[in-house]
Each structure stands twice: as C-alpha cells, then as structure tokens.
Undergrad: 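Structure below; questions to follow.
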Amino acid sequence: MTEVDLDHHRSGDAVTAELRADVVAGLTAARKWLPPKWFYDADGSELFEKITQLPEYYPTRSEREVLAAHAGDVAKLTDAHTLVELGSGSSEKTRLLLDALTAHGTLEAFVPLDVSESALAEAAEAISKDYPGLAVRGVVGDFTQHLNLLPDGQPRVVAFLGGTIGNFLPAERAVFLRSVREVLDEGEWLLLGTDLVKDPRILERAYDDAAGVTAEFDKNVLRVVNARLGANFDVDEFEHVSYWDAENEWIEMRLRARRELTVEIPGADLTVRFAEGEHIRTEISAKFRPRGVETELAAAGFALEHWWTDSQQRFGVSLAKSVRG
C-alpha cells in the first residue's frame, strides 16, 4: 500500500499520562465520568465503524446523503486547496468531498487528524492510493490540543463531521469552535456536521442497538484503561445504558455497575469503589436546532453561509466562513 506521511503529536507516554489524568479526575468525581475519546483504540475504531452500518444508526447515512447532494457546492464555494478533516476515522464520507474538490480542480492536499494511529494510517494510505497526485499528510493527534500544528495550504476547509461536535459540553463547544477559528485565516471555511433534535425514540434506538454493538463500544473504554493502566475492570460487570436528556437535549451513554465492585488501577495509583447501580458517564451526544448552530458559530467567529439537511431533516451540515474577529 502507498506510504504516506504521518505527523505524530501523541507519543505513547504522553497518551498514558493523559489517560491517567482523566481517570483520576473522572473516577474520583462525585458522579463518575470518562471522556469518549478513550473509546478509540484500534478495537474501538473498528467497533465504531460497525455502528455506522447498523440499521438503527441513522447519522452516518443522513450525513452522507447531504454530502452526496452538496459536495459540489462546497467545492465551488470554497475553492479549497487543502481539506482538513478532524476526527477522520475511516474518512469514508470524506471521499465525496475529495471527489468534488478534485473535479473542481483546486484540491492539492488532504490532512486527516485522528487520535487512532491505526485507523488514520489505514485511511490515509487508501486515499493516497486512490487519489494519485494528492498530497496526503496524516496527523496523529487530539483535535482539542493540536489544531495549531496543522499544516498551511490556504484556502482551507476544515471538516468536522459525524456530529462529533455534540460530544462537547456547551462551554467546551465554545472553546473548541473558537480554537478552530484561531487557526484559520479570515475567509477560510468550517464544514460542520450536527445531529438534529428529533423523536427521542429514534435517538434512543441509535445509541442502544439490538445487536449490542454500541454496548461493546461503550465498554471498550474500560478495556483501554485495563490495557494502558493495568486496571482490573471486569467488563462484564458493567452494562451499557443510554437515555435522552430532554432538558439538555442530548443523549447520555453510561456504564452501570451490576453489583458492588472494587477496581484497582495501578497505573493511576488508584482504587475505585462502585456501588451497585452506580454509573460512569462515558459520552454525551448533543442534538442541535438550526438557530442554535448559527448562534454558536457566530460566537466563535464564523458566519453561516449555507445550511443543508437530509430528506428526513435528521441531520444538518453547515458551511461557515471565518470572519474578522
């Protein structure tokens, strides 16, 4: 397979130290939590790709429908020389953008950024092979920390797809969107995928599929802590729980202890006790309304130029231009 350049900004020791800090902060909190980025080792990335193909999980199909219809518009409106994709994963949907930008004749470089080196390397190599002449440079990093290390190549369009923006709490979203704006020059672009508020029954099925793939994905965060910090989580003693929080308009995923447990985490010098039924919050997935997306973009320094949705109005994709602060 074609070789591609990978910039590494997450060494093994740094990743372990980061995980240790999150584990100590999250599992000693009054209401325990772990960040969703720790789902994504090689196994977690593979499980998530399976989730995107499940009949209950509409976001991937809905967003793909939007991109299939409007990738050409993105190309014409942005004249982008560089496509940057944050949290790229397999970059499967991104091929719609790559095709459109290539056909438009402006695209010179593709820069995918992801925390999972294995998923990033596989996707970047496949794209390098399938798009000869395109400079592909993968960045192994965390999009909350390493945006300032992205290469230039104006004009750029930064794609943040899949509804991943919903994994941030509102205050965190504001910080993140502002950090994206800060790395862009005036007139460069953000293409943002946002899952929309809808019937809670549709949402709940999407995050608790009948085949149990999402449950295994949720539990993978415990496997990552076991592997990296020598913990002794018995994964089978936790069950996956998800529910719609109507007040905050987000789905919460949690792991619930089936019985009273004590877990040793030597790599964090930590002993954690769980009461029967106690939860670890592993993810929120906020759902959006169009006006709210526009307001949050404006607060971060972006002007919403175009808003597209799929035929069932389930998922929104916005194209926003960075404006003078």
Side-chain angles (χ1 to χ4, degrees), residues 33-40 43-69 86-94 96 114 116 119 159-170 172-173 191-222 235 238-256 279-290 292-293 307-318:
W33 56 270
L34 288 170
K37 66 183 175 183
W38 299 115
F39 292 138
Y40 295 98
D43 290 339
S45 296
E46 183 176 341
L47 283 166
F48 184 72
E49 289 305 313
K50 290 180 180 178
I51 288 172
T52 65
Q53 299 167 31
L54 294 169
E56 299 96 331
Y57 195 78
Y58 64 86
T60 302
R61 292 188 297 276
S62 299
E63 188 177 43
R64 185 185 295 116
E65 179 188 328
V66 178
L67 293 176
L86 306 181
S88 55
S90 67
S91 295
E92 188 270 333
K93 286 175 296 188
T94 316
L96 296 166
D114 201 86
S116 173
F160 192 42
L161 302 173
T164 307
I165 187 70
N167 294 155
F168 294 106
L169 293 166
E172 295 169 338
R173 285 202 302 268
L191 187 70
L192 182 66
T194 46
D195 198 5
L196 303 180
V197 174
K198 59 185 65 67
D199 185 335
R201 291 171 295 181
I202 296 172
L203 290 165
E204 288 169 351
R205 286 195 296 268
Y207 290 85
D208 194 11
D209 62 278
V213 182
T214 308
E216 286 305 302
F217 176 68
D218 198 3
K219 293 177 184 180
N220 198 60
V221 71
L222 303 182
V235 173
F238 289 83
E239 59 182 336
H240 166 70
V241 179
S242 67
Y243 69 94
W244 171 243
D245 183 330
E247 181 179 355
N248 289 304
E249 295 192 321
W250 65 47
I251 285 281
E252 280 204 19
M253 294 205 325
R254 295 171 177 259
L255 292 170
R256 180 168 59 203
H279 294 79
I280 308 171
R281 188 182 72 191
T282 52
E283 181 178 275
I284 67 162
S285 185
K287 308 307 170 186
F288 295 86
R289 299 180 185 271
V293 174
W307 172 261
W308 302 296
T309 63
D310 64 291
S311 57
Q312 297 187 68
Q313 307 286 305
R314 289 182 170 186
F315 200 95
V317 176
S318 53

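Because the structure is a prediction, the values reported are computed rather than measured.
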Undergrad: When you compare the side chain of His240 with that of Thr214, does any pair of heavy atoms fall below 4.5 Å?
TA: yes

Undergrad: Any chance you could measure Leu47, atom CG, to Lys219, atom NZ, to the nearest 0.5 Å?
TA: 11.5 Å

Undergrad: Please collect all salt bridge (charged side-chain N to carboxylate O under 4.0 Å, His left out) contacts where either partner lies in residues 206-216, sequence neighbours excluded, each pair once.
TA: Glu216-Arg223

Undergrad: State the OG-CG distance between Ser62 and Leu196, to the nearest 0.5 angstrom.
TA: 9.0 Å

Undergrad: List the residues meeting side-chain hydrogen bond (donor to acceptor under 3.5 Å, both in side chains) with Trp308, not counting sequence neighbours, and say none if there are none.
TA: His70

Undergrad: Would you say the side chain of Ile165 lies within less than 4.5 Å of the side chain of Val293, judging by non-hydrogen atoms?
TA: no

Undergrad: To check you understand the geometry: which heavy-atom pair defines the closest contact between Lys287 and Tyr207, and what is its length?
TA: NZ-OH, 2.6 Å

Undergrad: Could you check whether any side-chain N or O of Asn167 sits under 3.5 Å from a backbone N or O of Ile284, counting only pairs where one atom can act as donor and the other as acceptor?
TA: yes

Undergrad: Minimum heavy-atom separation for Tyr57 to Thr52, with atom names?
TA: CD2-CA, 3.8 Å

Undergrad: How about Asp245 and Ile251: do any of their side-chain heavy atoms sit closer than 4.5 Å?
TA: no

Undergrad: Ile280 and Phe238: side chain to side chain contact (heavy atoms under 4.5 Å, CB included), yes or no, with the steps?
TA: CA-CA 9 Å; Ile280 308 171; Phe238 289 83; 4.2 Å; yes

Undergrad: Which atoms form the tightest heavy-atom contact between Thr164 and Leu161, and what is the distance?
TA: OG1-O, 3.2 Å

Undergrad: Does the ring center of Phe217 lie less than 6.0 Å from the ring center of Phe39?
TA: yes

Undergrad: With no hydrogens and no angle check, just 3.5 Å: does a side-chain donor-acceptor pair link Tyr40 and Asp114?
TA: no

Undergrad: Tell me, do Arg254 and Trp33 make a side-chain contact under 4.5 Å, heavy atoms counted?
TA: no

Undergrad: If only atom types and distance count, is the side chain of Glu172 paired as donor or acceptor with the main-chain N or O of Leu169 below 3.5 Å?
TA: yes

Undergrad: Do Ser318 and Trp307 come close enough that some side-chain heavy atom pair is under 4.5 Å?
TA: yes

Undergrad: Does Asp310 use its side chain to pair, donor to acceptor, with the backbone of Phe315 at less than 3.5 Å?
TA: yes

Undergrad: Compare all side-chain heavy atoms of Leu191 with those of Val317 and state whether any distance is below 4.5 angstrom.
TA: yes

Undergrad: Taking all non-hydrogen atoms of both residues, which atom of Arg314 and which atom of Tyr58 are closest, and how far apart?
TA: NH1-CB, 3.4 Å

Undergrad: Nearest 0.5 Å, what's the CD-OG1 distance between Glu252 and Thr282?
TA: 9.0 Å

Undergrad: Is the Lys NZ or Arg CZ of Arg173 less than 6.0 Å from the centre of Phe168's six-membered ring, within 45° of the axis?
TA: no

Undergrad: For a quick test of reading the model, state the closest non-hydrogen atom pair linking Pro59 to Asp195 and the distance between them.
TA: CG-OD2, 4.0 Å

Undergrad: Find the distance between CZ (Arg256) and CD (Glu239) and round it off to the nearest 0.5 Å.
TA: 4.0 Å

Undergrad: Taking it one step at a time, do Gln313 and Lys198 satisfy side chain to side chain contact (heavy atoms under 4.5 Å, CB included)?
TA: CA-CA 9 Å; Gln313 307 286 305; Lys198 59 185 65 67; over 6 Å; no

Undergrad: Determine the minimum heavy-atom distance between Pro170 and Trp250, stating which atoms define it.
TA: CD-CZ3, 3.9 Å

Undergrad: Do Glu65 and Ser311 have a side chain donor and acceptor closer than 3.5 Å?
TA: yes

Undergrad: Would you call Glu63 and Arg61 a salt bridge, using N to O less than 4.0 angstrom?
TA: no

Undergrad: Supply the atom-to-atom distance Leu34 CG to Leu255 CG, rounded to the nearest 0.5 angstrom.
TA: 8.0 Å

Undergrad: With rounding to the nearest 0.5 angstrom, report the CZ to CD distance, Arg205 to Glu56.
TA: 8.0 Å

